[in-house]
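Since the structure comes first, as structure tokens, the remarks are kept for the end.
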There are 2 protein chains.
Amino acid sequence: MNQPIVDLKSCSNCPIRHRAVCAKCDTDELKQLEEIKYYRSYQAGQPLVWAGDQMDFVASVVTGIATLSQTMEDGRTQMVGLLLPSDFLGRPGRAIAPYDVTANSDLTLCCFRRKPFEAMMEKTPRIGNRLLEMTLDELDAARQWMLILGRKTAREKIASLLTIIAQREAALRQTAPKSGASFELPLTRESMADYLGLTLETVSRQVSALKRDHVIELHGKRQIMVPDFEVLMAETGDDADGGLPV
Amino acid sequence: MNQPIVDLKSCSNCPIRHRAVCAKCDTDELKQLEEIKYYRSYQAGQPLVWAGDQMDFVASVVTGIATLSQTMEDGRTQMVGLLLPSDFLGRPGRAIAPYDVTANSDLTLCCFRRKPFEAMMEKTPRIGNRLLEMTLDELDAARQWMLILGRKTAREKIASLLTIIAQREAALRQTAPKSGASFELPLTRESMADYLGLTLETVSRQVSALKRDHVIELHGKRQIMVPDFEVLMAETGDDADGGLPV
DNA sequence: TTCGCGGGTTGATCCTGATCAAGGCGTGGG
DNA sequence: CCCACGCCTTGATCAGGATCAACCCGCGAA
């Protein structure tokens, strides 16, 4: 809490190139983390774990996109987590995965076996504090997401998702999202639908509508350009300050 | 994590009669908590804090119901947290409340001023671990809730809410929800609507429908009796094991 | 080259839940 | 006693997304 959230830049000489657990780049701690880490790669579409499976590692996303999702018996699915590079995956102290985890694109993880990681948490309270921080952030994000799912129109949902992705991608680059900048949508229409509680047809239609209304420009299917970020924000229905201050 | 979640019964001689932060009833820790605690009461409907306000305490619900909610400029609101007795309120390390907090009924809190509480967390890692545990639980609950909001029908939403409330009330009494038992709905139709992302009319209609179909019995507006819990569970759309194992 | 397939768009129609509206019940205050 | 108000129910109608269906485009494999 009195611990600043370390960002990529100030962490650029850190052997773990993503901020998830890199609390303050203390060399001793890093050396220990270094010793228990390993990398794993997955292909797009590949499931990492199913809900209910044993999950004996925690990890941090190096490249690619992973998603957490829940599926009902009849096949309806709702995405409940979207992990971009530098995001943390897994739950220290919890052996069983409560959701399906899927590689939504080609994916590389930096993994830590759970037991040694937990042992290290015991010795290094700072890591525990950092994890509490991160979990609170996730909880805030989940609750923003609940507002989107419960009360927003399809158009507002799409605008909200675009805003969130733009903000998260910008945050990785240490900037705020800028009018006129363009970014790559890392999700298919179907994944967007699973994120937003819509059907893919509705997603497609609303994206087209935002394009028609010049809120966004599309280059190909995935490259999004936002002429005026304020205009997009206004479409989200959120008040001007844009949700969480972060 | 290697810390069992302490329940009310094993904590019955504990001066703090609710389990939120009572990690293991260590007498030293409790004495310290005891020294910084105080009680506050609120009337039904009274706001505790608004989103964006300074919030200089954390607390645990003793009696009554509190809710966390988000409101859009045009008045649409979504409940994002429902706090029953023994639930924890507030975020160590975060001075600013991100949501509106409201007393949904007459409410008594057991409060701890944030600074001393955080200081104590520093000295007692067990409390930090407990808070991480609790936050992970809240995150799981939020994600179950996202499935409800994003993908369930109105009828499934109502059944899910009734199940959740029955389970949480039963958990306070250390039992599983039982067929034939009845419980008090602690929410108005409007609050149920805010919880589920519906209108109050739809809530009313679906409750009536469940009653008509003998899934539940109503005594008055708020007393619910569930003749067969399996039948209610089947209405939620969840698979038989009922979501999270907890 | 052709085919099949994954991903995407668009149209027509349907249906669930929102909206608008009226009224019932119980309770507390004048 | 009556009235007003909070809470809830029910009805009629509307509309936003879901559903069903057709088709496009680009790409990799045969």
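On a predicted model such as this, the values are computed, not experimentally measured, just so you know.
Taking every side-chain heavy atom of K221(A) into account, dG8(C) is the closest of dC8(D), dA18(D), dG8(C). Comparing dG17(D), dG17(C), dT9(D) by their nearest atom to the side chain of L218(B) picks out dT9(D). Side-chain proximity of S204(A) to the nucleotides dA18(C), dC8(D), dG8(C) is greatest for dG8(C).
Residues T202(A) and T199(A) bring a donor and an acceptor atom of their side chains to less than 3.5 Å of each other.
Side-chain N/O atoms of R189(A) and base N/O atoms of dT10(C) include no donor-acceptor pair closer than 3.5 Å. In terms of polar N and O atoms assigned as donor or acceptor, the side chain of R205(A) comes within less than 3.5 Å of the base of dT19(D) in a complementary pairing. For E201(A) and dC20(D), a side-chain-to-base donor-acceptor distance below 3.5 Å is present, hydrogens and geometry of angles not being considered.
The interatomic distance linking D194(B) (CG) with dA18(C) (P) rounds to 12 Å, in whole Å. We find that CD of E190(B) is positioned 11 Å from P of dG6(D), with the value rounded to whole Å. We find that CG of N104(A) is positioned 16 Å from P of dG6(C), with the value rounded to whole Å. Rounded to an integer number of Å, the gap from R212(B) CZ to dT10(D) C1' is 13 Å. The CG-C1' distance, from D74(B) to dA18(C), rounds to 14 Å in whole Å. L149(A) has its CG atom 16 Å from the P atom of dG17(C), to the nearest Å. Atom CZ in R222(B) sits roughly 14 Å away from atom C1' in dC25(C) (whole-Å rounding). Atom-to-atom, CG of L187(A) to P of dG7(C) comes out at 12 Å; the value is rounded to the nearest Å.
No engagement by G220(B) is indicated, since no non-hydrogen atom pair under 4.0 Å with the nucleic acid exists. No engagement by G45(A) is indicated, since no non-hydrogen atom pair under 4.0 Å with the nucleic acid exists. Counting non-hydrogen atoms under 4.0 angstrom, L200(B) reaches a base of the nucleic acid. No contact: R76(B) has no heavy atom under 4.0 Å from any strand.
Not less than 6.0 angstrom separates the ring centroid of Y99(B) from the ring centroid of W50(B).
OP1 or OP2 of dA18(D) has at least one side-chain nitrogen or oxygen of T199(A) nearer than 4.0 Å. Checking the phosphate oxygens (OP1, OP2) of dG7(C), no side-chain nitrogen or oxygen of T188(A) falls inside 4.0 Å.
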Could you give the side-chain donor-acceptor pairs of residues 203-210 of chain A under 3.5 Å, partners two or more places apart or in another chain?
residue	atom	partner	partner atom	Å
S208(A)	OG	S204(A)	O	3.0

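Look at E138(A) and R143(A) and you find no salt bridge, because none of the NZ, NE, NH1 or NH2 atoms lies under 4.0 Å from a carboxylate O.
Here the CE-OG1 distance, from M72(B) to T236(A), works out to 7.0 Å after rounding to the nearest 0.5 Å.
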